[in-house]
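Structure first, then comments.
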Amino acid sequence: METVSTQGGSVTTFSISALERATGVPRSTIHFYIGEELLPRPAKTAVSRSLYTEKHVELLRRITELKESGLSLAEIRDELEPDIADASDNDADLAAREYERIHAAIIETAAREFAVNGYEDTHLSTIIKKVGTTRHVFYSHVDSKLHLLAECFKVVMKSSFESVEPPLETETNPAERLLARLASDPMRHTLRAEAVSLIRAKSTENSDVFDTLVQTYTGIVERVAADIQAMQPSGSTISVPIELLAYSVVGAFDNTQLRASWDDKYDRTDLLRAHLWLYFAIRAGLDGRVDIDSEVKRYEASIQEAASRE
């Protein structure tokens, strides 16, 4: 037996074997009753996975009582018709809720596995075992390991944005906002690194996965771009597109994390301090404390020459 949450509370569910044990009615008879419309069809959460509820238990017991009282199957069907209809309506919601429950468990477990072990060393068989489902059910939710990583990245980032961003809306110090974002949920930073690796390595394969990864990553960059835009004095312009500057900032943090992962020379404090230093350098350029644009213009010919090289 399992418990599934629904809009009306929680529901105890039964496999066909558990239903047999709970009622003493063999599965062949249960299937016969379903075919005769004495029982509602079970909720299908996968091709080979059916879930029965306490409604089925109650109906089977009543069918047994009514048969023993001498009623025919047609008479029993008429007697139980309102209850059968009610149970059928509930099962439709149950199937959807059960699917959502399993899917959420897969994403949560997979995200942890990817974050701890990395993409290459994460095994789908391990995720299946930890979720406590079957391969058949698992693959009714997941197309491939690559699709799973893309969805985990998307879900974790969405969840992180929803939990981190609202409290920061009242924070007036942009440096404090930056530190709060960087310190939040290390899992999202690890998954982001895995996603970037896949964007680079598999950019010509699985276009739908590639699009999901890129769209999620773009959502991160857009928030950084908004922060940079907010630092820029009104009416001022710079020679570098804000979007590319934002990608550079995000990439810088990804690369500092990569360097820190090699040994114990740098810790998380070093990463945060380095990124805050970079932030202040950008702010100094934007508000004119340092005339970076003039410095860049001095090298325009060299930039053009370097860009033209094969």
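Heads up: numbering here begins at 1 and tracks the sequence.
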Exercise. List the steps, then state whether side-chain contact (heavy atoms from CB on, under 4.5 Å) holds for H275 with V249.
Key: CA-CA 8 Å; H275 208 64; V249 171; 3.6 Å; yes
Quiz item: For T13 and Y52, what are the C-alpha separation, side-chain angles and deciding distance, and is it a side-chain contact (heavy atoms from CB on, under 4.5 Å)?
Solution: CA-CA 5 Å; T13 62; Y52 301 83; over 6 Å; no
Exercise. Check the pair Y139 / L124 against side-chain contact (heavy atoms from CB on, under 4.5 Å), numbers first and verdict last.
Key: CA-CA 10 Å; Y139 282 106; L124 297 184; 3.4 Å; yes
Exercise. Give the C-alpha distance, both sets of side-chain angles, the deciding distance and a yes or no for side-chain contact (heavy atoms from CB on, under 4.5 Å) between F161 and I220.
Key: CA-CA 9 Å; F161 290 149; I220 300 168; 3.8 Å; yes
Self-check item: salt bridge (Lys or Arg N to Asp or Glu O under 4.0 Å) assessment of D270 paired with K265
Solution: CA-CA 9 Å; D270 294 315; K265 184 175 182 179; over 6 Å; no
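Residues K154 and Y217 are not in side-chain contact: their nearest non-hydrogen atoms beyond the backbone lie 4.5 Å or more apart. When side chains are defined from C-beta on, V137 counts as touching T134, because their heavy atoms get closer than 4.5 Å. Between V25 and E20, every side-chain heavy-atom pair lies at or beyond the 4.5 Å cut-off. Side chains of R200 and V196 form a contact here, defined as non-hydrogen atoms less than 4.5 Å apart. Counting heavy atoms from C-beta outward, L38 and L59 have side chains that stay 4.5 Å or more apart.
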I'd like a table of donor-acceptor pairs (distance under 3.5 Å, sequence neighbours excluded) in which one partner is a side-chain atom from residues 146-153, with atom names and distances.
unit_1, atom_1, unit_2, atom_2, d
H147, ND1, S144, OG, 2.7
H147, NE2, D208, OD2, 2.9
E151, OE1, H103, NE2, 3.4
E151, OE2, H103, NE2, 2.7

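Smallest separation of non-hydrogen atoms from I34 and P40: CG1-O, 4.1 Å. Pairing each heavy atom of I63 with each of L80, the nearest pair is CG1-CD1, 3.6 Å. Residues V296 and S239 share a closest heavy-atom pair of CG1-OG, 4.5 Å. Residue E79 comes nearest to P82 through the heavy atom pair O-CD, 4.0 Å, listed as atom of the first residue, atom of the second, then distance. Closest non-hydrogen pair, I84 versus E37, comes out as CD1-O, 3.4 Å. Residues E194 and Y119 share a closest heavy-atom pair of OE1-N, 2.9 Å.
Distance CD/E243 to OG1/T218: 7.5 Å, rounded to 0.5 Å. Atoms CG and CZ, from L179 and R273 in turn, are 10.5 Å apart once rounded to the nearest 0.5 Å. Taking CZ of F14 as the reference point, atom CG of L19 lies at 7.0 Å (rounded to 0.5 Å). Here D254 contributes atom CG and R192 contributes atom CZ; the two are 4.0 Å apart, rounded to the nearest 0.5 Å. Atom CD of E165 is separated from atom CZ of R181 by 4.0 Å, given to the nearest 0.5 angstrom. Note that CZ of R259 and CG of N255 are 12.0 Å apart. Values are rounded to the nearest 0.5 Å.
Tracing side-chain contacts under 4.5 Å through hydrophobic residues (I, L, V, M, F, W, Y), one reaches F280 starting from L182; they form part of the same cluster. Linking Ile, Leu, Val, Met, Phe, Trp and Tyr whenever their side-chain heavy atoms come within less than 4.5 Å puts V214 and V209 in one cluster. The cluster map of Ile, Leu, Val, Met, Phe, Trp and Tyr, joined by side-chain heavy atoms under 4.5 Å apart, puts L271 and L276 in the same cluster. Cluster membership for F32 and V57, using ILVMFWY side-chain heavy atoms within less than 4.5 angstrom, is shared. Clustering ILVMFWY residues whenever any of their side-chain heavy atoms sit less than 4.5 angstrom apart, transitively, puts I292 in a cluster other than the one holding L245.
Using a 4.0 Å cut-off between a side-chain N of Lys or Arg and a carboxylate O of Asp or Glu, R77 and E81 do not qualify as a salt bridge. Between E58 and R61 no salt bridge is recorded (no basic side-chain N to carboxylate O distance below 4.0 Å). A salt bridge is defined here as a Lys NZ or Arg NE, NH1 or NH2 lying under 4.0 Å from an Asp or Glu carboxylate O, and D83 with R62 meets this definition.
The backbone N or O of L66 lies less than 3.5 Å from a partner atom in the side chain of S69, making a donor-acceptor pair. With T122 contributing its side chain and E113 its backbone, the two residues share a donor-acceptor pair below 3.5 Å. At least one donor-acceptor pair under 3.5 Å links the side chain of Q232 to the backbone N or O of S236. For the pair S163 (side chain) and S160 (backbone), a donor-acceptor distance under 3.5 Å is present. When atom types are taken as modelled, the side chain of H31 and the backbone of S28 share no donor-acceptor pair closer than 3.5 angstrom. Formation of a donor-acceptor pair under 3.5 Å by the S159 side chain with backbone atoms of V155 is not found in this model. R298 places no side-chain N or O within donor-acceptor distance of the main-chain N or O of S294, the cut-off being under 3.5 Å.
Annotation for W262: hydrophobic cluster partners, listed by chain and number, are L258 (ILVMFWY side-chain heavy atoms under 4.5 Å, direct or chained).
Taking the six-membered ring for Trp and thresholds of 30 and 60 degrees, F253 and H189 have ring planes more than 60 degrees apart, a perpendicular arrangement.
Annotation: salt bridge (Lys or Arg N to Asp or Glu O under 4.0 Å) contacts of R188 (sequence neighbours excluded): none.
R27 and S17 share a side-chain donor-acceptor pair at under 3.5 Å.
At most 12 heavy atoms of other shown residues, nucleotides or ligands fall within 6.0 angstrom of atom NZ in K130.
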